[in-house]
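When a residue number appears, it is its place in the shown sequence, counting from 1. Side chains included, hydrogens not; waters and symmetry mates left out as well; all remaining heavy atoms used.
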Amino acid sequence: DDQAVLEEAERAHLVEQLPDVAVGHQDSLIVFVADHGEELGEHNSWFEHGPLPYNTTGHVPLFFIMNGLAAGRRVDRPVELIDIYPTLRDAVAPDRQIEGLEGHSLWPFLRSGKVDPVKADVFRQAFLEAGHHPNLYHSVQEGTWKLVFNSGGKHSRAAESPTGGFELYDLSRDPLEMNNLAATQTEEVRRLRRDLVEWMKKTRSMGDEDEVNGETERALKALGYVGN
């Protein structure tokens, strides 16, 4: 807690001092972000931030500060860190197109409260991959629902899972993801599973790292979408 208070004070100090140290500060865009959180006993994990897929480590702050942006505006959709670069591109060089760019620009949300529904729909879901075999996780979050899949089988943390390695959480009631609803909310599991599989197939086809593609291949086999 002391560290968080100190960091907040230093961030505020930086913003206050900007006019004295930065030329052209009136046009500056400040992005404040963290790369991950920290496990503090949740899911039997301490001081880790990579092996598990839960929001205790994956949900991080992201602030944009700039003259002309409305104070206090909040994007109520699951956005990702890969959306930062497209946002900066739109802010400084909106006419420049970059092929193969991942993520989507948040600039329309920041500049106006009214966003084209088609553009807003790209932020309907957020996907995540965490860990490694035998505990490789893939997850999809949509609204208050989040589906997690552990593909490791009998050698993983999901070895005795009654739901086949699937975990479903209602984040509005269970933000720490402790109450697995996969056994009772089967329709939500099926619906989100389809979207998760499509994303996994897409990332496999786009990836160029043999190890990552191999892990995804095993996960898709565990889901029954790739032949043995």
Next on the checklist: Within the structure provided, determine whether L196 and F149 are in side-chain contact (heavy-atom separation under 4.5 Å).
Outcome noted: yes
Checklist outcome for this item: Correct closest heavy-atom pair for L52 and T57 would be O-OG1, 3.8 Å
Checklist entry - For R96, does its backbone N or O pair with a side-chain atom of R89 as donor and acceptor, under 3.5 Å? => result yes
Checklist entry - Is it the case that more than 12 heavy atoms not belonging to F32 sit under 6.0 Å from its CZ atom? => result yes
Checklist entry - Are L192 and Q125 close enough, and set up right, to give a side chain to side chain contact (heavy atoms under 4.5 Å, CB included), and what steps lead you there? => result CA-CA 10 Å; L192 291 173; Q125 296 175 322; 4.2 Å; yes
Checklist entry - Is there a chain of hydrophobic side chains (I, L, V, M, F, W, Y, each step under 4.5 Å between heavy atoms) that links L110 to F123? => result yes
Checklist entry - Any donor-acceptor pair under 3.5 Å linking the side chain of E177 with the backbone of N55? => result yes
Checklist entry - Please walk me through it: do D170 and W145 pass side chain to side chain contact (heavy atoms under 4.5 Å, CB included)? => result CA-CA 5 Å; D170 181 353; W145 290 108; 4.0 Å; yes
Next on the checklist: Using salt bridge (charged side-chain N to carboxylate O under 4.0 Å, His left out), reason through E142 and R191 one step at a time and then give a plain yes or no.
Outcome noted: CA-CA 11 Å; E142 178 183 314; R191 182 178 68 83; 2.9 Å; yes
Checklist entry - Are V140 and I82 grouped together when hydrophobic residues (ILVMFWY) are joined by side-chain heavy atoms under 4.5 angstrom apart? => result no
Checklist entry - Passes side chain to side chain contact (heavy atoms under 4.5 Å, CB included), V189 versus L181? Steps please. => result CA-CA 9 Å; V189 172; L181 301 175; over 6 Å; no
Next on the checklist: Are L147 and D195 packed together at the side-chain level, in the sense that at least one heavy-atom pair is separated by less than 4.5 angstrom?
Outcome noted: no
Next on the checklist: Side-chain heavy atoms nearer than 4.5 Å, only ILVMFWY residues, links allowed to pass through others: does that put L128 and L81 together?
Outcome noted: no
Checklist entry - Just how far is it from atom CZ of R111 to atom CZ of F64, taken to the nearest 0.5 Å? => result 13.0 Å
Checklist outcome for this item: Here the pair of heavy atoms bringing T163 nearest to A183 is CG2-N, 3.7 Å
Item to check | Closest contact, heavy atoms only, F166 versus N180 | outcome: O-ND2, 3.3 Å
Checklist entry - Going by heavy atoms in the side chains, are L29 and I65 under 4.5 Å from each other? => result no
Checklist entry - Is the shortest heavy-atom distance from the side chain of F63 to the side chain of V31 under 4.5 Å? => result no
Checklist entry - For T186 and A182, which heavy atoms make the closest approach, and how far apart are they? => result CG2-O, 3.8 Å
Next on the checklist: Starting from L62, can I reach W107 by hopping between I/L/V/M/F/W/Y residues whose side chains sit under 4.5 Å apart?
Outcome noted: yes
Checklist entry - So, D83 side chain and H104 main chain: donor-acceptor pair closer than 3.5 Å or not? => result yes
Checklist entry - Would you say the side-chain atoms of Q141 and Y169 include a donor-acceptor pair closer than 3.5 Å? => result no
Item to check | Shortest non-hydrogen contact from V148 toward S139 | outcome: CG2-CB, 3.9 Å
Checklist entry - Is F109 reachable from V60 through a run of I, L, V, M, F, W or Y residues, each pair having side-chain heavy atoms under 4.5 Å apart? => result yes
Checklist entry - Any donor-acceptor pair under 3.5 Å linking the side chain of S105 with the backbone of D90? => result no
Checklist entry - Are I84 and L106 close enough that some pair of their side-chain heavy atoms sits under 4.5 Å apart? => result no
Checklist outcome for this item: Output for pair (E167 CD, Y137 OH), nearest 0.5 Å, gives 6.5 Å
Item to check | Evaluation steps, side chain to side chain contact (heavy atoms under 4.5 Å, CB included), between H138 and L136 | outcome: CA-CA 7 Å; H138 294 84; L136 177 66; 3.4 Å; yes
